Amino acid sequence: HAAGADHAGLVRLDQPVFVGHSFGAPVGLFTEIRRPGTFSAFCLLCPGPADHRRDPVDALKFMIENGRNRDVLRPGFDGMFVRQPSPWTEATLDAVTSLDSGVHLALQAANPLFSIDDQLKDVAAPALLIRGEADPVVPPAIQHDMACKLPRCKEVVYSTEGHMLPIESALIVAREIDAFLADPPSY
């Protein structure tokens with residue numbers, strides 16, 4: 001997690017904005033909490049829980065056990081899309097199955113320590129949290145709770161979208177991010 005902050009410094013990024021989807025969203029927040037000032041803003045897209053104890057499924061264990069088996073993964077990933085049949089399922093499976101299994105193993109090893117729920121109040125950077133009310137992966141209440149705990153968070157909810165909102169409605173997400181970065185909340 002700190003490697004992200006180290007990498008940002010190495011490449012001399014000036015005021016990097018963190019954009020993360022699903023499990024990636026709390027990983028960015030974890031980095032910011034451990035190294036305040038790493039990011040100038042956050043765009044959290046259908047974020048996973050900030051406390052592993054609130055994760056409705058043991059996704060990491062499932063991915064470790066089945067990470068290369070497309071037939072086992074396909075129904076779960078297909079179910080994440082609101083529009084069926086989804087033309088994006090196979091591309092998503094391509095990305096997931098090409099991921100080095102060591103990434104999931106490292107995240108699983110760190111997972112018992114990965115609870116930042118009570119530290120979200122310390123994130124000073126502005127945050128945009130975009131979520132779909134029809135998310136079957138992470139309960140919308142958990143995502144809303146995260147938005148409420150981030151002191152400078154703008155929450156945008158789409159009632160007919162789900163967990164794959166960034167893929168299925170990329171243009172809407174891009175417009176929201178552009179507007180947010182042009183005028184982030186100051187409260």
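Numbering of residues begins at 1 and proceeds along the displayed sequence. In this text, all values refer to a predicted model and were calculated from it rather than measured experimentally.
Taking every heavy atom of both residues into account, G48 and P26 meet most closely at O-CG, 3.7 Å. In terms of heavy atoms, D94 sits closest to R70 at OD1-NH1, 2.9 Å. Across all non-hydrogen atoms, the minimal contact from P136 to G79 is CG-O, 3.5 Å. In terms of heavy-atom proximity, G162 sits nearest to C46 at O-SG, 3.5 Å. L181 and A41 get closest at one heavy-atom pair: CD2-CB, 4.2 Å.
Not a single donor-acceptor pair under 3.5 Å links the side chain of E90 to the backbone N or O of P87. Side chain of R152 to main chain of A127: no donor-acceptor pair is present (N/O by atom type, distance under 3.5 Å, no hydrogens or angles). Side chain of D135 to main chain of V138: a donor-acceptor pair is present (N/O by atom type, distance under 3.5 Å, no hydrogens or angles). Judged by distance alone, with hydrogens and angles left aside, the side-chain atoms of S86 form no donor-acceptor pair with the main-chain N or O of V82 at under 3.5 Å. At least one donor-acceptor pair closer than 3.5 Å links the side chain of S40 to the backbone N or O of P16.
Between R34 and E32 there is no salt bridge, since no side-chain N of the basic residue sits under 4.0 Å from a carboxylate O of the acidic one. With respect to the salt-bridge test (charged N to carboxylate O, under 4.0 angstrom), the residues D118 and K149 do not qualify.
Taken to the nearest 0.5 Å, the NZ atom of K121 stands 11.5 Å off from the CG atom of L150. Note: F81 CZ to T89 OG1 = 5.0 Å, rounded to the nearest 0.5 Å. For the atom pair M63 CE and T97 OG1, the distance stands at 8.5 Å (nearest 0.5 Å). Rounded to the nearest 0.5 angstrom, L120 CG and C153 SG are separated by 9.5 Å.
N66 pairs with exactly one of D71, V96, L73 by the side-chain contact (heavy atoms from CB on, under 4.5 Å) rule, that one being L73. When V157, L165, I142 are each tested for a side-chain contact (heavy atoms from CB on, under 4.5 Å) with R131, only one passes: V157. The residue from M164, R74, M80 that alone fulfils the side-chain contact (heavy atoms from CB on, under 4.5 Å) condition with T92 is M164.
Residues in residues 161-170 take part in these salt bridge (charged side-chain N to carboxylate O under 4.0 Å, His left out) pairs, two or more places apart or across chains: R83-E161, R83-E168. Judged as a ring-ring contact (aromatic ring centres under 6.0 Å, His included), the pairs with a partner in residues 149-177 (not counting sequence neighbours) are, in order, H21-H163.
Side-chain heavy atoms closer than 4.5 Å link hydrophobic residues (I, L, V, M, F, W, Y) into clusters, and following such links, even through other members, never connects F42 to F180. F39 and L45 are assigned to two separate hydrophobic clusters, defined by single-linkage of ILVMFWY side chains at heavy-atom distances under 4.5 Å. Hydrophobic clustering (side-chain heavy atoms under 4.5 Å, transitive across Ile, Leu, Val, Met, Phe, Trp, Tyr) keeps V173 apart from L129. Under the 4.5 Å side-chain heavy-atom criterion for ILVMFWY residues, no single connected hydrophobic cluster contains both L105 and V27. Hydrophobic clustering (side-chain heavy atoms under 4.5 Å, transitive across Ile, Leu, Val, Met, Phe, Trp, Tyr) keeps L29 apart from V19.
Between P85 and D78, the closest side-chain pair of non-hydrogen atoms is not below 4.5 Å. Looking only at side-chain heavy atoms (C-beta outward), T38 and F18 stay at 4.5 Å or farther from each other. Side-chain contact between I172 and I130 is absent, with no heavy atoms from C-beta onward closer than 4.5 Å.
Checked against side-chain contact (heavy atoms from CB on, under 4.5 Å), D122 has the following partners two or more places apart in sequence or in another chain: Q119.
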